[in-house]
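Okay, so here's the structure we're looking at.
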Amino acid sequence: MTYRELYEYGVEALKRADIAEAELDARLLLEYVCRTDRNALLVHGERVRSPIEEEFYKIAIDKRRQHIPLQHITGEQEFMGLVFWVNEHTLIPRQDTEILVEEAMRYLGDGMRILDVCTGSGCILLSLLKYSNECEGIGIDISGEALLVARENARRLCLDAVFLCGDLLEPLAGFVSDKTSDRLFDIVISNPPYIPSGVIPTLMPEVKDHEPPAALDGMEDGLYFYRKIAQKAPLYMRSSGLLFFEIGYDQAEAVSGILRENGFGKIEVVKDYAGLDRVIKAELG
């Protein structure tokens, strides 16, 4: 089959499976299998591909037909201009989360200490370290499998970061042994699970069936992890340190109240590109 015939096969198969972006996914999978770029379809569409490329492409298309996320098939996702390794143990980095990173970068100075809670693939922490100078960072996640991914991403990006396994901020009790100023964090940042448990069954199959449930489930009202982090984070933050949360579009008021109850002020809500509430910034003290 030619390059174009393979592409058309992929588009038709994905459309029959009700894949929303069939054309895009068919092209990206073809580029992944054939190690080509987006110009290949236009310039080399009539070039015959090898039997092994044809076979691998059909396997990839069959996986996508089953609503396995594209990123789990290719094993990577671009985020903040960087390429991150992802798998079924990590939440796939999303464009909305770039708003969280970009907002934190506005306040990130040279040599600051960063704590990333619920780090997953490490994309938030590693992006901040990549685009700053002499900053130090710790990422925490309860999933050991996710931390294997985060450490590999740090290796690929040639970045030094510490990753600790445990429940929210609990690992810091042994890692940060005192409250001297050089052991506290200037920035605490988190994209915690914030989807209410009852909403998860209504999500698209790529999310509810293939992304790790622990990275999605914010318990009954979606606010469980905001409460826990806001309660413990002040113990490990400098005076006037900043906390950044990604939030659901309807959670700004509730999360702002949680932050005020735990000693945070100067609370600001930042909208995403769709005009929806997406990030909350708050200052300690």
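The side chain to side chain contact (heavy atoms under 4.5 Å, CB included) search around Arg16 returns Glu12, Ala13, not counting sequence neighbours. Scanning for side chain to side chain contact (heavy atoms under 4.5 Å, CB included) contacts around Leu28 gives Leu24, Glu31, Leu70, with sequence neighbours left out. Partners of Lys271 under the side chain to side chain contact (heavy atoms under 4.5 Å, CB included) rule, at least two apart in sequence or in another chain, are Asp277. Arg106 is linked by a side-chain hydrogen bond (donor to acceptor under 3.5 Å, both in side chains) to Glu103, counting only residues two or more places apart in sequence or in another chain. When the salt bridge (charged side-chain N to carboxylate O under 4.0 Å, His left out) test is applied to Glu88, no partner is found at least two apart in sequence or on another chain. Partners of Ser132 under the side-chain hydrogen bond (donor to acceptor under 3.5 Å, both in side chains) rule, at least two apart in sequence or in another chain, do not exist in this structure. Under the rule for a salt bridge (charged side-chain N to carboxylate O under 4.0 Å, His left out), Arg260 has no partner lying at least two apart in sequence or in another chain. Not counting sequence neighbours, Asp217 has no partner by the salt bridge (charged side-chain N to carboxylate O under 4.0 Å, His left out) test. Scored by the salt bridge (charged side-chain N to carboxylate O under 4.0 Å, His left out) test, Lys58 finds Glu54 as partners (sequence neighbours excluded).
Other residues, nucleotides and ligands place more than 12 heavy atoms under 6.0 Å from the CD atom of Glu5.
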I'd like a table of donor-acceptor pairs (distance under 3.5 Å, sequence neighbours excluded) in which one partner is a side-chain atom from residues 148-159, with atom names and distances.
residue : atom : partner : partner atom : Å
Arg151  : NH2  : Phe163  : O            : 2.9
Glu152  : OE1  : Arg155  : NE           : 3.0
Glu152  : OE2  : Arg155  : NE           : 3.3
Glu152  : OE2  : Arg155  : NH2          : 2.6
Glu152  : OE2  : Arg156  : NE           : 2.9
Asn153  : OD1  : Trp85   : N            : 2.7
Asn153  : ND2  : Trp85   : O            : 3.1
Asn153  : ND2  : Ser121  : O            : 3.0
Asn153  : ND2  : Val149  : O            : 3.3

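Residue pairs meeting the ring pair (Phe, Tyr, Trp, His ring centres under 6.0 Å) criterion with at least one member in residues 247-277, sequence neighbours excluded, do not occur.
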Evaluate Ile140 against Thr119 for side-chain contact (heavy atoms from CB on, under 4.5 Å), listing each step before the verdict. CA-CA 6 Å; Ile140 300 176; Thr119 194; 5.9 Å; no

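The shortest distance between side-chain heavy atoms of Leu216 and Pro193 does not fall below 4.5 Å.
As a member of the Ile/Leu/Val/Met/Phe/Trp/Tyr network built from side-chain separations under 4.5 Å, Val83 groups with nothing else and remains a singleton.
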